[in-house]
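As the structure is a computational prediction, the values presented were derived from the model and not from experiment. What's counted below: heavy atoms across the whole structure, side chains too, no hydrogens, waters or symmetry copies.
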Amino acid sequence: MEDNVERTIDKLLPTMPHICSCQDCRLDMATYALNRLQPKYARTSTGVIMHRFDTASAQAEAEILTVVISAMEIIGAHPHHPPKDGNPAAAGDTKEG
């Protein structure tokens with residue numbers, strides 16, 4: 001599942017230039033998505049082949065795509081670092097008081 005999520009992020013990020021694509025944000029997006037997708041584990045090479053077949057279905061691809069887009073929107077709106085322009089208010093890091 002990790003490979004599928006990473007491939008989807010790699011494919012979609014270039015189409016969303018307003019979303020940060022630094023390594024930290026990419027890892028946050030992948031983590032967010034993987035925590036919302038059903039894990040699929042394989043111990044044997046036959047199991048790996050079955051997993052690839054299972055995740056190649058249109059429904060599995062649509063589920064991965066939906067969760068990854070959600071992850072990109074959420075992490076993109078609230079990265080865990082200040083924006084590149086240096087304005088921490090835009091990243092939601094402001095503290096009143």
Side-chain angles (χ1 to χ4, degrees):
M1 192 59 74
E2 290 177 30
D3 291 340
N4 293 329
V5 166
E6 288 178 18
R7 258 192 308 276
T8 304
I9 291 170
D10 289 343
K11 184 169 64 171
L12 291 177
L13 263 179
T15 69
M16 302 174 143
H18 62 284
I19 293 178
C20 181
S21 61
C22 76
Q23 188 62 24
D24 286 340
C25 286
R26 293 172 70 85
L27 290 172
D28 286 346
M29 292 171 200
T31 301
Y32 180 95
L34 289 167
N35 279 322
R36 283 152 183 82
L37 291 165
Q38 181 178 352
K40 306 234 187 241
Y41 300 102
R43 190 178 72 82
T44 65
S45 55
T46 303
V48 170
I49 292 168
M50 293 303 293
H51 165 68
R52 287 188 182 145
F53 177 76
D54 184 43
T55 58
S57 73
Q59 179 160 347
E61 287 182 19
E63 182 181 2
I64 293 167
L65 183 64
T66 301
V67 172
V68 168
I69 288 172
S70 177
M72 293 172 75
E73 290 173 348
I74 289 169
I75 302 303
H78 304 286
H80 289 128
H81 59 74
K84 291 179 182 177
D85 67 5
N87 179 3
D93 293 336
T94 61
K95 294 181 182 173
E96 296 181 21

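Under the 4.5 Å side-chain heavy-atom criterion for Ile, Leu, Val, Met, Phe, Trp and Tyr, Ile64 and Met16 are members of the same hydrophobic cluster. Ile69 and Ile74 fall into different hydrophobic clusters, defined by Ile, Leu, Val, Met, Phe, Trp and Tyr side-chain heavy atoms under 4.5 Å apart, directly or through other members.
Screening residues 30-39 for side-chain hydrogen bond (donor to acceptor under 3.5 Å, both in side chains) gives Tyr32-Arg36 as the qualifying pairs, with residues at least two apart or on separate chains.
Looking at every heavy atom in both residues, Leu12 comes nearest to Thr15 through O-OG1, 2.5 Å. Looking at every heavy atom in both residues, Ile19 comes nearest to Met72 through CD1-O, 3.5 Å. Across Ala71 and Ala33, no two heavy atoms sit closer than the pair CB-N, 4.2 Å.
Between the OG atom of Ser21 and the CD1 atom of Ile75 there is a distance of 14.0 Å, given to the nearest 0.5 Å. One distance of note links CD of Glu6 with CG of Leu34; it measures 8.0 Å at 0.5 Å rounding. Separation of atoms CZ (Arg7) and CD (Glu61) is listed at 9.5 Å; rounding is to 0.5 Å.
Scanning for side-chain contact (heavy atoms from CB on, under 4.5 Å) contacts around Ile9 gives Val5, Leu13, Arg26, Met29, Ala30, Val68, with sequence neighbours left out.
A side-chain donor-acceptor contact under 3.5 Å links Thr8 to the backbone of Asn4.
For the residue pair Asp24/His81, the side-chain donor-acceptor check at 3.5 Å is not satisfied.
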